[in-house]
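As structure tokens, the structure follows; a few thoughts come after it.
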Amino acid sequence: MTEVKPKRTILKDVKIFKDLEDEIIKTNKCCACGACVSYCSSQGFDVIKMEGYTPQFISDENVDNCKECGLCYYICPQTEPLMKQINDVYRIKDEIGYIQNIIAAKTTDEKIKEIGQDGGLVTTLLTYLFDKNKIDAAIVSEYDEKLQPTPKIIYNKEDLLKSSGTRYSISSNILPLKDLYSIAEEIVEKHHQIYDINQIRMAFVGTPCQCRAIRKMQLLNISPTHVIKYVFGLFCMENFDYEKLFELVKKETNEEPSNISKMNIKKNFFITNKDNKVYEIELKKFDDAVRNHCHECDEFTSRFADISFGGSGAVQQNSMVVIRTDKGQKLVRDAIIAGYINKFTPKKSSIDDWKASKIDLFRRMTNNKIKKSK
Ligand SMILES: Cc1cc2nc3c(=O)[nH]c(=O)nc-3n(C[C@H](O)[C@H](O)[C@H](O)COP(=O)(O)OP(=O)(O)OC[C@H]3O[C@@H](n4cnc5c(N)ncnc54)[C@H](O)[C@@H]3O)c2cc1C
């Protein structure tokens, strides 16, 4: 089959989806966040789709629908354009990014304590935002019956519980926004607090690469990310290819995905089955399942989030909470005052020494990631 190329009719030096394919997608640098498809589809351009984890032209016939606006290329978290600008906006000068405050904390909710990955902080702060009517929806990740992560927009705090916990493979969390306008009528009809789809207030949860894409889109003030009011970033050392990960899990534990209740990385991979049997497997054994784009990534702590969350550095059953914006600071403070979360108080060192030791740890972990990728 001959390769179909879009005509570059308008601005010859603007990079377009074809360039994204050649430079990022075909070279395995795509992180499958869904930003390109989400933007393009929400505009109704009818050009690209997500096939599994790969953005691609819908068909040869759709290639000429490309408006050659170049936005898919610019907003991709793996391309260089706009990086300097978002680094400036979010005051990023080094590998761990701007930090306004650091705390460790855990949820006070017994149910979330059981199912949260670390301190259940992400789920608890989203619950707080729903309770206080600060958001109408949240974009999170759920499991399907085969433990494949599925991105989802949810509209109430009850559905949050299904999203608690970490899924160690790609959940294209920006992708559900592609349908924001096509299902607007349905959303407005079903969720009585929403009157106008452009006024919907969402919180977004994602990995560092996904938060980077959101910020690029917000810098350009383009839909559909104009509805995102809070960005919650997860620490991320690496993510895994779903098929390869569960092939290795099966080999090491003889467990089917449907019989696994929790997965956690703390130096090694810990896999808990539904009878509460825990397998500890050397993390190195999963190296071949790491997604290639993670080898290109220099972010560990989600520099572009309002608040970043991780387990590294926290005492058991707590999350590290890295606050980066005033909005993030206010949210955490209000949730503590309202009794949703308990802040950890270090006993053996002064608070300043404790914070300095965490910053040092995050810096070392980020540099290890960068070194590993090289
Ligand atoms: C692929 C991956 C690798 C990670 N690696 C590290 C690490 O090396 N060190 C470290 O300290 N922390 C890491 N984390 C973060 C950590 O596992 C917890 O998510 C974080 O500590 C928050 O815990 P919590 O109990 O507050 O969150 P919870 O209350 O349990 O909520 C977790 C939230 O994460 C979202 N989520 C789960 N999986 C995904 C996914 N694949 N993509 C997007 N969103 C998702 C869920 O929708 C949910 O909203 C990683 C997370 C992911 C997704």
Side-chain angles (χ1 to χ4, degrees), residues 25-34 50-56 112-118 120 122-123 140-152 159-173 175-176 205-210 234-297 300 309-312 316-317 319 365 368-369 372-373:
I25 299 164
K26 286 185 181 161
T27 55
N28 275 331
K29 292 178 190 156
C30 173
C31 63
C33 65
M50 198 76 155
E51 187 68 42
Y53 298 109
T54 310
Q56 56 185 242
I112 300 176
K113 235 179 243 178
E114 255 173 57
I115 55 179
Q117 187 70 12
D118 293 306
V122 173
T123 309
V140 293
S141 170
E142 291 182 2
Y143 273 139
D144 70 7
E145 64 289 352
K146 287 183 171 167
L147 254 53
Q148 186 149 10
T150 315
K152 206 157 176 199
D159 285 345
L160 273 175
L161 297 180
K162 284 186 244 157
S163 69
S164 266
T166 298
R167 289 137 195 92
Y168 289 99
S169 38
I170 300 296
S171 180
S172 302
N173 277 9
L175 196 61
V205 183
T207 51
C209 44
Q210 297 175 348
L234 306 171
F235 288 12
C236 184
M237 193 51 88
E238 57 203 2
N239 208 346
F240 300 86
D241 176 276
Y242 169 79
E243 303 287 346
K244 289 183 188 165
L245 176 66
F246 281 98
E247 226 171 81
L248 286 167
V249 168
K250 172 88 181 150
K251 188 174 150 209
E252 296 294 330
T253 67
N254 209 23
E255 297 284 0
E256 295 294 340
S258 55
N259 201 37
I260 289 167
S261 67
K262 184 164 182 171
M263 299 172 86
N264 199 359
I265 297 179
K266 291 272 181 279
K267 289 205 173 103
N268 284 331
F269 223 132
F270 291 85
I271 293 161
T272 310
N273 76 7
K274 289 195 170 155
D275 300 318
N276 275 330
K277 179 172 177 185
V278 181
Y279 300 88
E280 179 177 354
I281 305 154
E282 249 189 304
L283 190 54
K284 247 197 348 237
K285 291 195 171 164
F286 292 89
D287 276 357
D288 286 347
V290 174
R291 292 257 318 179
N292 188 63
H293 75 265
C294 302
H295 298 309
E296 305 280 331
C297 180
F300 168 61
F309 303 87
S312 306
Q316 245 206 334
Q317 290 206 312
S319 302
M365 290 188 76
N368 282 346
K369 176 167 178 171
K372 210 169 155 190
S373 67

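Shown here are the salt bridge (Lys or Arg N to Asp or Glu O under 4.0 Å) partners of E238, two or more places apart in sequence or in another chain: K372. Applying the side chain to side chain contact (heavy atoms under 4.5 Å, CB included) test to K284 and every residue at least two apart in sequence or in another chain returns E282, D287. With sequence neighbours excluded, no residue forms a salt bridge (Lys or Arg N to Asp or Glu O under 4.0 Å) with E247. In terms of the side chain to side chain contact (heavy atoms under 4.5 Å, CB included) criterion, residue partners of Y53 (sequence neighbours excluded) are, by chain and number, A32, Q148, I170, S172, Y242, R291. When the salt bridge (Lys or Arg N to Asp or Glu O under 4.0 Å) test is applied to K274, no partner is found at least two apart in sequence or on another chain. By the salt bridge (Lys or Arg N to Asp or Glu O under 4.0 Å) test, E243 pairs with no residue at all, sequence neighbours left out.
Pairing each heavy atom of L147 with each of I260, the nearest pair is CD2-CB, 3.7 Å. The two atoms that bring I25 and P55 nearest to each other are CD1-O, 3.7 Å, heavy atoms only. When all heavy atoms of N28 and N292 are compared, the closest pair comes out as O-ND2, 2.9 Å. Shown here for K146 and P257, the closest heavy-atom pair between the two residues is O-CB, 3.3 Å. Residue L160 comes nearest to T123 through the heavy atom pair CD1-O, 3.8 Å, listed as atom of the first residue, atom of the second, then distance.
Summarising the geometry, atom CD belonging to E256 is positioned 10.5 Å from atom CZ belonging to F246; distances are rounded to the nearest 0.5 Å. Here T166 contributes atom OG1 and I265 contributes atom CD1; the two are 9.0 Å apart, rounded to the nearest 0.5 Å. Rounding to the nearest 0.5 Å gives a distance of 11.5 Å between NZ of K152 and OG of S171. In this structure, the separation between CG on D159 and CD on E142 is 6.5 Å, given to the nearest 0.5 Å. Considering CG of L234 and CZ of R167, their distance stands at 10.5 Å, rounded to 0.5 Å. Expressed to the nearest 0.5 Å, how far SG of C30 lies from CE of M50 amounts to 5.5 Å.
When side chains are defined from C-beta on, E255 counts as touching Y279, because their heavy atoms get closer than 4.5 Å. Here the side chains of N173 and S141 are in contact, with some heavy-atom distance below 4.5 Å. C209 places none of its side-chain heavy atoms less than 4.5 Å from the side chain of C297. Side chains of V290 and H295 form a contact here, defined as non-hydrogen atoms less than 4.5 Å apart. Two residues are said to be in side-chain contact when any heavy atoms from C-beta on lie closer than 4.5 Å; K262 and Q117 meet this criterion. In this structure the side chain of V249 reaches within 4.5 angstrom of the side chain of I271, judged on heavy atoms.
Taking the six-membered ring for Trp and the full ring otherwise, Y168 and F269 have centroids separated by under 6.0 Å.
Shown are K266, Q317, Q316; of these, the side chain to side chain donor-acceptor pair (under 3.5 Å) with D118 is made only by K266.
For E296 (side chain) and H293 (main-chain N/O), no donor-acceptor pair under 3.5 Å exists by modelled atom type.
Annotation: K277, atom NZ; neighbour count of heavy atoms from other residues, nucleotides and ligands within 6.0 Å does not exceed 12.
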